[in-house]
Structures are given as structure tokens and as C-alpha cells.
Amino acid sequence: MRSLKLLLIGTGRMAHTHAQRFQSMPGVSVVAAVDVCRERVQQFCATHDIAHAYTDLAAALAAHTLDAACVVTPDSAHAPSSIRCLQEGLAVLCEKPLSDTLESSQAMVAEAEIAGVLNMVNFTYRISGALHQAREWIDQGRLGTLRHFEASYRQSWLCSPYWGEWTTEDAWLWRLSTAHGSTGVLGDIGIHILDFLIAGAGQGITGLHCRLQTFDKAPGNRIGEYDLDANDSCIINAQLENGALGVVHMSRYQTGYMNDLCLSLHGTRGALRVSTGQKGDRLSACLGEDIHTQTWREISCSAQPDTFERFISGLRGNGCGSPDFAHAGDLQLYLSRCSESHELGRWLDCSSAAREF
Ligand SMILES: NC(=O)c1ccc[n+]([C@@H]2O[C@H](COP(=O)([O-])OP(=O)(O)OC[C@H]3O[C@@H](n4cnc5c(N)ncnc54)[C@H](O)[C@@H]3O)[C@@H](O)[C@H]2O)c1
């Protein structure tokens, strides 16, 4: 088995998951890491047994022969880092969302196409066996015609320090500030729940009406260098390609939940409820004769390979790497339409993003 050499760009919280997963795979090694913060990258490399620490991407690229790079920086740095690596001919696994603007995400999709190398985005919750099973039954027609959906992604870290203290830690403060490249809860977890919805339903969104809310949370809504102006909560009314209507909601103020996704799908012949996240992965079904008594049954499902396994599998030429930049670019169009709809206060068409999901 050929040994694969990886570079990690960004060594904050999420990068630990990348390092742990890749360093534990046979024939895969993270040979170097880059972060703008010298102390952090050195500490990170020591923790994960990575030989080379850099504060400059160009220096890391010049010093090593690599197979792939993982971009795990804040959202606004995804585009420059990914594009640079693609231009070097490296396969790229980028964190979600693809970028912080529609324009830069389109540049990333275009560059990935030119490079012709493996490119993937980490939609973590594709690991859900419940989601996978739901999609299989949708494709088999077991729900009949889809009429309605409800999708939610609930967190409450603005009310509880379960992931650390958001008022003092940069890793949380940048997520609350547009000047630091955040598109708020919409870009941070909205991208996950939109991906979850269209992966489950197998259809794109053709129209939506979005309302964003930024709640007051500090004196003058400012802490140090951070203006806390990014949205915290979002509600989207949406329509899918076949006309199915539904609601998508996401928040960082949903007390009682740490990190939970839920998707309900209602067709003319049955309904499914997928829940995943901190409380485990579950599928409930109300199908066939059960629709007349509204009886729901728990279905057991097996977890799917995670993004890290699929990326390495793609690098070894076993299957295509998905979801790719093009898919994440389509989702970025939805994010952009959501912001636009909020500004204009009206329903917007987004059928140009609808394609095979
Ligand atoms: N897929 C998931 O489920 C999931 C979960 C959490 C975070 N994420 C994503 O991972 C990314 C990182 O999030 P995080 O929580 O680790 O943030 P973080 O703030 O903890 O870490 C980001 C790191 O990137 C470094 N950095 C900033 N600009 C850089 C640049 N130009 N080059 C190199 N390093 C740079 C920072 O110094 C910091 O160490 C975000 O895009 C986030 O949306 C994804």
C-alpha cells in the first residue's frame, strides 16, 4: 500500500479530529502542519507526533512532497489556502462551509475543476446511518410523494460553557463576527442542515424565504476586537423541486440541546424522522398500514464511513470523493440566497442551484 503524506492547514479545535483520524489510519501520515500562530502549531505538532510545524503555507509546500492538504482554518481562509494547494496539484479536503462568500466559493469550485484532483468538503453528518437508510427508502418510493419536511440543527453554546467560554475564546468569538469571516449560524451549522435535508430528500431547494436574528449578547455587542454582528438564529421556509414545502431552523440558543440535527420527511404513503448528533443516531418510521394509526417504529441502522475514510479511499482510487467542492458550492448559493432574502424580506427563487443530489 502506497504511503500517503498529508499537510494540515489550521491547527485549532477541529484540526485535532483531522489529526487523530488520519494519524490512526494505516499508510497515512500527517507530515506537517501550518498555523498563523507559532505557539499553537508547535504544540499541536508535539501532541500529534507531526514532525514539521510552519507558520507559512508556501514554506510548507516548498519543503515537502505531499499527496493532499486539509484546510481547517476559519471560513474566510478556506479559499486562499485551498486554491494555493489545488494549484500545486494537491488533493484537498476542506472544512465546511466551502467559504465565506459566494464569489470565493465559486473560485474554489473553478480551481478544483481545473486541477482535476480529488476535492472534498467535510459534511460530518453524512456518517449518519439513519440518513442513509432514509434516502434509500425515499429513492425506493416507500414514502410515496414527498409533501413536507422539517429540519433543525440545535445548539446552545451561547447559554452554556459545554464547549468552553465563548466570551473569552477566539475559536468562538470569530464565529460571532462578520469582520472575522463568519456568516453566523447560517454558514456554521446551517450548511450542515441544508446538506442533511437535500441528501435525505434527494432534491434541491428551488425557492426560500429566510429570517435571520442576531440577539444582543454583550455591552455594545462588542468584546475586544470582535463585533458580535453575525446571526445566531435562522428560520427558512423552503420549497423543493417537486413542490414539497417545509421549514429549516438552526440556532445557538436552543437550550436543552448541545449539538442535535433532526429531519422529518412526510410523503403521501409514509413518514420518517432522522435524528443525529450528541444524542446518537436514530431513525423512526411510520410507513404502510402504520400511517392510519400514526404508529412510529424505531429502525436500526449502521453508521456510514466518515469523511476521513472516504477521502483516503478516494486518494487510493477506490470510489469518488463526495461531497465535493461543486456540491458545497451549490449549498453556498443557498446561503447567499438566504442572506439576500433576509435583506429583501421576501421569497427568492434559487432553482439555478438545483441539480442531481
Ligand atoms: N465539519 C464539522 O463538523 C466542523 C466542526 C467544527 C469546525 N468546523 C470547521 O473547521 C474550521 C475551523 O474551525 P475551528 O473550530 O477549528 O476553529 P479554531 O478557531 O479553533 O481554529 C482555526 C485555526 O486556524 C488558524 N488560522 C487562521 N487563519 C489561518 C491561515 N490563513 N493559515 C493557517 N492557519 C490559520 C487559527 O490560528 C486557528 O488556530 C471552520 O471552517 C469550521 O467551520 C467543522
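Atoms within a ligand are numbered from 1 in the order they appear, just like the ligands themselves. Every heavy atom of this structure was used, including side-chain atoms; hydrogens, water molecules and symmetry mates were not.
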* **same_hphob_cluster(Val30, Met25) at 4.5 Å side-chain heavy-atom cutoff** => yes
Among [options], whose heavy atom sits nearest [atom]?
{"atom": "atom 43 (O) of ligand 1", "options": "His16, Arg13, His192, Lys96", "value": "Lys96"}
{"atom": "atom 28 (N) of ligand 1", "options": "Gly187, Pro74, Pro80", "value": "Pro74"}
{"atom": "atom 40 (C) of ligand 1", "options": "Asp35, Ile9, Thr73, Val72", "value": "Thr73"}
{"atom": "atom 41 (O) of ligand 1", "options": "Asp56, Leu57, Leu173, Asp75", "value": "Asp75"}

* Backbone N or O of Thr206 within a donor-acceptor pair of the Glu241 side chain at under 3.5 Å? ->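 Looks like no, no N/O pair under 3.5 Å.
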* Number the atoms of ligand 1 from 1 as they appear, then name those within less than 4.0 Å of a heavy atom of Asn122, with their elements. => 1 (N)
* Contacting atoms of ligand 1, where contact means under 4.0 angstrom from a heavy atom of Thr124 ->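 The list of qualifying atoms is 1 (N), 2 (C), 3 (O).
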* Asked: Stepwise, does the ring-ring contact (aromatic ring centres under 6.0 Å, His included) test hold for His266 with Phe149?
  -> CA-CA 6 Å; His266 304 267; Phe149 57 89; 9.6 Å; no
[X] atom [atom1], neighbour heavy-atom count above 12 within 6.0 Å:
{"X": "Arg282", "atom1": "CZ", "answer": "no"}
{"X": "Arg13", "atom1": "CZ", "answer": "yes"}
{"X": "Tyr257", "atom1": "OH", "answer": "no"}
{"X": "Asp49", "atom1": "CG", "answer": "no"}
{"X": "Arg211", "atom1": "CZ", "answer": "no"}
{"X": "Glu165", "atom1": "CD", "answer": "yes"}
{"X": "Glu298", "atom1": "CD", "answer": "yes"}

What part of [X], side chain, backbone, both or neither, has a heavy atom within less than 4.0 angstrom of ligand 1?
{"X": "Ala171", "result": "both"}
{"X": "Phe123", "result": "neither"}
{"X": "Arg40", "result": "side chain"}

For [atom], what's the nearest protein heavy atom and its distance?
{"atom": "atom 30 (C) of ligand 1", "value": "Val36 CG1, 3.7 Å"}
{"atom": "atom 21 (O) of ligand 1", "value": "Gly12 CA, 3.2 Å"}
{"atom": "atom 16 (O) of ligand 1", "value": "Met14 N, 2.8 Å"}
{"atom": "atom 31 (N) of ligand 1", "value": "Ala77 CB, 3.7 Å"}
{"atom": "atom 10 (O) of ligand 1", "value": "Glu95 CG, 3.3 Å"}
{"atom": "atom 15 (O) of ligand 1", "value": "Arg175 NH2, 2.8 Å"}
{"atom": "atom 18 (P) of ligand 1", "value": "Trp174 NE1, 3.8 Å"}

* Heavy-atom side-chain contact between Val121 and Asp324 under 4.5 Å -> no
* Does His78, backbone or side chain, put an N or O under 3.5 Å from an N or O of ligand 1? -> yes
